[in-house]
Structures are given as C-alpha cells and as structure tokens.
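Here's the structure, in structure tokens; my notes come after.
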Amino acid sequence: PDGGVRGAAGMSVLGRVWRGEVPLPDLVWTWLLFGGLAVNISTSLGFLALVSAGEVWWALFVGYGLSLPYNLMVGVGCWRAAARNPAAQLPIALTRALLVGFLLALSAT
C-alpha cells in the first residue's frame, strides 16, 4: 500500500521521472504541462493567501519551496528523456528550449 507511487517493478514513479525513464510525451503533457500548472497554480494561490495574511516567510516557502523542487524534477526528467532519443535532434532541441522557457515562466510565478 504505497498509494500508487511505485510501479509494477517496484520503481518509484518519481525516480523514473527524475531519471528520464518515462516516455517524453508523457513527461511533457502529464508531468510538465498539466502537473506543472496544477502545482504552480496551487502554490501561487497559497503564496497570495499567506502574503495577504502577513505570513511572508510561509508564503515564500509555499510559493517557491514547494513548486521549485517539482519543476526541477520534471525539468531534469524531460531533459534526460529527450537525450534518450538521439535520432530526433531537432525535436529534442525544440523540446529543451520550450522546457527551459516554460520552467522559467512557472518558477517566476
């Protein structure tokens, strides 16, 4: 009973994301786009609520201390997953450029 965090082979899904072992389309669409938006919107809302309540240090922790590790994990995973397919260099370069831009935008909010 690990809450579904481990796959059939006993590997941690988060570990597989970090190592880039999840297929790149799944990483980009599920983890980066949808997961990143969910994490970053919720932490931004928490940040705003805590700042409004005068809890600046907690706001910084929620706004950045929770979202940046997620963004870093998914970003590294996408980078590594892209490197696993050397036959498609143009899509990899484009994916990496979009990844860096997207992560910078998410991390700045």
Side-chain angles (χ1 to χ4, degrees):
D2 58 2
V5 176
R6 293 191 180 273
M11 283 187 154
S12 160
V13 173
L14 298 178
R16 290 184 62 233
V17 168
W18 173 256
R19 290 186 299 273
E21 296 170 354
V22 175
L24 186 58
D26 292 342
L27 279 173
V28 170
W29 287 104
T30 304
W31 290 87
L32 180 67
L33 186 64
F34 297 122
L37 286 173
V39 166
N40 288 284
I41 287 171
S42 61
T43 57
S44 292
L45 291 173
F47 175 86
L48 292 172
L50 288 165
V51 165
S52 297
E55 299 290 339
V56 176
W57 290 111
W58 281 111
L60 289 172
F61 173 74
V62 169
Y64 295 100
L66 298 178
S67 64
L68 287 178
Y70 178 85
N71 293 336
L72 178 65
M73 176 193 66
V74 174
V76 168
C78 286
W79 196 276
R80 290 175 174 171
R84 291 180 181 273
N85 187 0
Q89 289 303 311
L90 180 60
I92 290 171
L94 180 60
T95 299
R96 286 180 170 173
L98 292 172
L99 167 69
V100 169
F102 191 70
L103 289 176
L104 288 174
L106 288 177
S107 298
T109 60

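We number each residue from 1, following the sequence as shown. These figures come from a predicted structure and were not determined experimentally.
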Could you tell me whether the side chain of Glu21 reaches within less than 4.5 Å of the side chain of Arg80, counting heavy atoms only?
no
Closest heavy-atom contact between Gly20 and Leu27?
CA-CD1, 4.5 Å
Mind checking the CG-CE spacing from Leu32 to Met73? Nearest 0.5 Å is all I need.
10.5 Å
Considering only heavy atoms from C-beta outward, does the side chain of Tyr70 approach that of Val17 to under 4.5 Å?
no
Let me see the working for Leu14 and Trp31 under side chain to side chain contact (heavy atoms under 4.5 Å, CB included), right down to the final yes or no.
CA-CA 10 Å; Leu14 298 178; Trp31 290 87; 3.7 Å; yes
Pairing residues for Leu48 by the side-chain contact (heavy atoms from CB on, under 4.5 Å) criterion, not counting sequence neighbours:
none
Report yes or no: do Val51 and Trp58 belong to one cluster of Ile/Leu/Val/Met/Phe/Trp/Tyr joined by side chain heavy-atom distances under 4.5 Å?
no
Results of side-chain contact (heavy atoms from CB on, under 4.5 Å) for Val56 - residues two or more places apart only
Leu60
Spell out, yes or no, whether Val13 and Val39 are grouped together once hydrophobic residues are joined by side-chain heavy atoms under 4.5 Å, including indirect joins.
yes
For Gly36 and Asn40, work out which heavy atoms get closest and say how close.
O-ND2, 2.6 Å
Who pairs with Phe34 by side-chain contact (heavy atoms from CB on, under 4.5 Å), at least two apart in sequence or on another chain?
Trp29
Pairing residues for Pro23 by the side-chain contact (heavy atoms from CB on, under 4.5 Å) criterion, not counting sequence neighbours:
Pro25, Asp26
Verify the cluster assignment for Ile41 and Phe61: are they in a single hydrophobic cluster under the rule of side-chain heavy atoms below 4.5 Å apart?
no
Can you see which heavy atom on Ser67 is nearest to which on Thr43, and at what distance?
CB-OG1, 3.5 Å
Looking at every heavy atom in both Cys78 and Leu24, which two are closest together, and how far apart are they?
O-CD1, 3.6 Å
Considering all heavy atoms, the nearest Val62-Phe47 contact:
CG1-N, 4.1 Å
Smallest heavy-atom separation, Tyr64 atom then Pro69 atom, equals O-CD, 3.7 Å
